[in-house]
There are 2 protein chains.
Amino acid sequence: MARGNPPRQQLSRARVVQAAIELADAEGIEALSMRHLAERLGVVPMALYKHVGDKEDLLDAMVDELIGQVRAAEAGETGPAPTPDPTPGPVRASGAENTPLPAGQPDWADAIRRTILATRTVVQRHGWARRVIETRTVRTPTVLGHMEHLTQLFLRGGLSPDLVHHVMHALGNRIWGFSPELFDESPGGRTRESRSRAEQPDPADYPGIIAIATDAAARRPGATGCDEEFEFRFALDLLLDGITRLQESGWTSTPGRLTPED
Amino acid sequence: MARGNPPRQQLSRARVVQAAIELADAEGIEALSMRHLAERLGVVPMALYKHVGDKEDLLDAMVDELIGQVRAAEAGETGPAPTPDPTPGPVRASGAENTPLPAGQPDWADAIRRTILATRTVVQRHGWARRVIETRTVRTPTVLGHMEHLTQLFLRGGLSPDLVHHVMHALGNRIWGFSPELFDESPGGRTRESRSRAEQPDPADYPGIIAIATDAAARRPGATGCDEEFEFRFALDLLLDGITRLQESGWTSTPGRLTPED
DNA sequence: ACCTGAACACCGTTCAAGT
DNA sequence: ACCTGAACACCGTTCAAGT
């Protein structure tokens with residue numbers, strides 16, 4: 001094998017994950033094979049298995065790494081420089097500017113919007129991220145932390161655990177910074193019995209998620225899991241309601257409003 | 001090879017697609033390989049390539065088949081028997097019953113809801129459908145027809161092409177009958193240069209889609225494709241607006257309302 | 001403890017040959 | 001026209017062996 005391409009270094013999980021992200025960025029997710037990745041690292045394929053459980057574990061770790069960058073992206077977007085300014089001042093609901101719909105949303109909505117748009121920024125940097133996130137079935141601590149963060153923003157905004165629960169479902173994959181690309185072309189549960197590295201998550205770390213899960217369980221005694229049909233109809237109704245109101249108000253898009261010149 | 005398992009029949013595209021759906025239903029999408037499928041049909045792998053272009057084409061055809069069943073499912077759900085009753089009578093906005101949110105939506109919303117819930121019914125019958133739909137990048141005539149149908153329901157409801165455009169984006173993959181499963185576990189554009197079978201779609205078949213695409217193009221001269229960020233923010237705002245209203249009204253879920261006993 | 005070599009049981013797809 | 005056989009260039013992962 002052509003070995004010694006890179007300046008051979010001690011292998012580690014972080015190095016493997018980093019190399020995998022770079023490979024997927026450079027050659028696409030379909031080019032990310034254990035063999036190809038090993039070759040890039042100047043190592044035999046089996047060497048990787050000391051640091052990742054299997055390929056799925058590697059993909060989990062790649063997503064984990066990206067979501068871990070969200071908080072930094074959020075801080076970096078509010079201020080121009082990535083250096084965090086410790087003087088907060090009166091934070092006048094930024095992020096509320098340049099929204100397509102008429103304003104008038106509470107502060108918690110601005111905070112939610114900021115976090116979700118920061119997630120979008122990170123995810124958009126990697127063409128493969130959306131597709132990989134959609135196939136994940138295990139929630140790593142970082143991913144749970146992201147959901148916990150959003151849950152807390154809603155709860156602290158005064159929403160009931162009941163409402164937060166349904167609202168998280170309704171936001172759906174927009175929480176991950178993407179929505180489906182419907183018009184790209186115009187016409188013409190995996191269960192893992194053993195995790196390779198991550199210990200079982202500690203419920204104490206996710207009080208918000210626990211709160212809404214507990215509330216949901218209390219409302220539906222004897223039921224296991226969510227009432228997926230209810231959640232689906234809830235989100236659908238929420239959208240149809242909003243659409244109805246927009247139509248009645250004679251809303252028209254003004255995309256120019258989104259440009260910085262505005 | 002163990003051949004002659006099934007009562008050997010002339011191979012055809014329809015038979016290949018049907019067998020692929022049955023295999024995916026029975027053994028899961030990860031068990032659907034060209035070789036495995038060929039074995040099931042008592043045929044050598046390469047025989048399949050006379051009827052499907054490649055594996056992606058096969059997956060496209062499987063989705064095409066499912067979406068083609070939506071109209072029948074919609075008819076079958078309104079009435080108890082699948083035999084269509086030709087006496088319409090005063091259609092009192094059915095489908096508006098048993099929705100999680102307070103009523104008060106116009107007739108077009110009921111029609112949209114019925115179609116989307118019928119899509120959901122079909123998709124839910126096949127565990128693999130959601131994942132496969134999400135990876136499709138070519139729109140078959142049947143899939144375009146489904147989007148055209150929904151577009152027309154909005155346009156005939158009186159929504160402007162502009163609003164319909166954004167609204168289709170906002171509904172996102174709920175159009176396909178699913179939304180992401182966020183809480184399954186609690187803590188603790190491909191471009192194809194030659195299509196195997198489908199001729200280029202005829203724009204005349206999709207006037208609604210053309211109408212909203214034309215309108216969108218006119219609003220953003222010089223732009224190619226959608227303003228994805230605008231669409232993302234539009235949907236996000238729509239949801240945040242609706243959530244704000246629900247909170248202010250003190251909404252609480254009553255899942256029991258969804259049961260037939262209500 | 002960490003990496004290697006060889007092997008196993010698969011993939012999708014090609015080409016030239018059969019009937 | 002439709003199917004076959006053999007081959008190519010890949011996969012993820014195992015096991016026992018090396019250092």
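Predicted model only: the values in this text are computed from it and were never measured. Residue numbers begin at 1 in each chain, while the letters A, B, ... track the order of the sequences.
By the side chain to side chain contact (heavy atoms under 4.5 Å, CB included) test, A/D215 is found to be paired with A/P161, A/D162, A/R219, residues two or more places apart in sequence or in another chain being considered. Residues satisfying the side chain to side chain contact (heavy atoms under 4.5 Å, CB included) criterion with B/A61, sequence neighbours excluded, are B/R13, B/V17. B/Q18 is linked by a side chain to side chain donor-acceptor pair (under 3.5 Å) to B/E22, counting only residues two or more places apart in sequence or in another chain. Listed by chain and number, the residues in a side chain to side chain contact (heavy atoms under 4.5 Å, CB included) with B/A217 amount to none (sequence neighbours excluded).
Between B/H169 and B/F230, the gap from one ring centroid to the other reaches at least 6.0 Å.
Taking atom CG on B/L58 and atom C1' on C/dC11, their separation rounds to 15 Å, with Å as the unit. Atoms CD (A/Q10) and C1' (D/dT19) sit 14 Å apart, rounded to a whole Å. Look at CG on B/L37: it is 16 Å from P on C/dC10, rounded to the nearest Å. B/L59 has its CG atom 14 Å from the C1' atom of C/dC11, to the nearest Å. Between the CD atom of A/E39 and the P atom of C/dG5 there is a distance of 14 Å, given to the nearest Å. Between B/D54 atom CG and C/dG12 atom P the separation is 11 Å, expressed in whole Å. Protein atom CZ of A/R35 is 15 Å distant from nucleotide atom P of C/dC10, rounded to whole Å. Computed from coordinates, the A/L48 CG to C/dC3 P distance equals 9 Å when rounded to whole Å.
Contact annotation: A/K55 side-chain N/O to D/dG12 OP1/OP2 distance is under 4.0 Å. Proximity of A/Y49 to the phosphate of D/dG12: no side-chain N or O atom is located under 4.0 Å from OP1 or OP2.
For the P atoms, the distance linking C/dC10 with D/dA9 amounts to 22 Å, nearest Å.
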Quiz prompt | Verdict with reasoning, A/V132 to A/M62, per side-chain contact (heavy atoms from CB on, under 4.5 Å) | solution = CA-CA 9 Å; A/V132 174; A/M62 292 166 72; 5.7 Å; no
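The two atoms that bring A/I175 and A/T119 nearest to each other are O-CG2, 3.6 Å, heavy atoms only.
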Practice problem: Could you summarise the pairing of DNA chain C as dot-bracket text, marking Watson-Crick and G-U pairs under 3.5 Å with ( ) or [ ] inside the strand and | across strands? | Solution: ||.|||||...|||||.||
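To the nearest 0.5 Å, the span separating CG on A/L41 from NE2 on A/H51 amounts to 10.0 Å.
The nucleotide whose nearest atom lies closest to any side-chain atom of A/K50 is, among C/dT13, C/dC2, C/dT4, C/dC2.
Across residues 22-34 of chain A, A/S33, A/M34 each have a non-hydrogen atom less than 4.0 Å from an atom of DNA chain D (numbered order).
For the pair A/E229 and A/R233, the salt-bridge criterion is met [side-chain N within less than 4.0 Å of a carboxylate O].
Toward the 5′ end of DNA chain D lies the nearest nucleotide of A/H36, the other residue of the pair A/M46 and A/H36 mapping further downstream.
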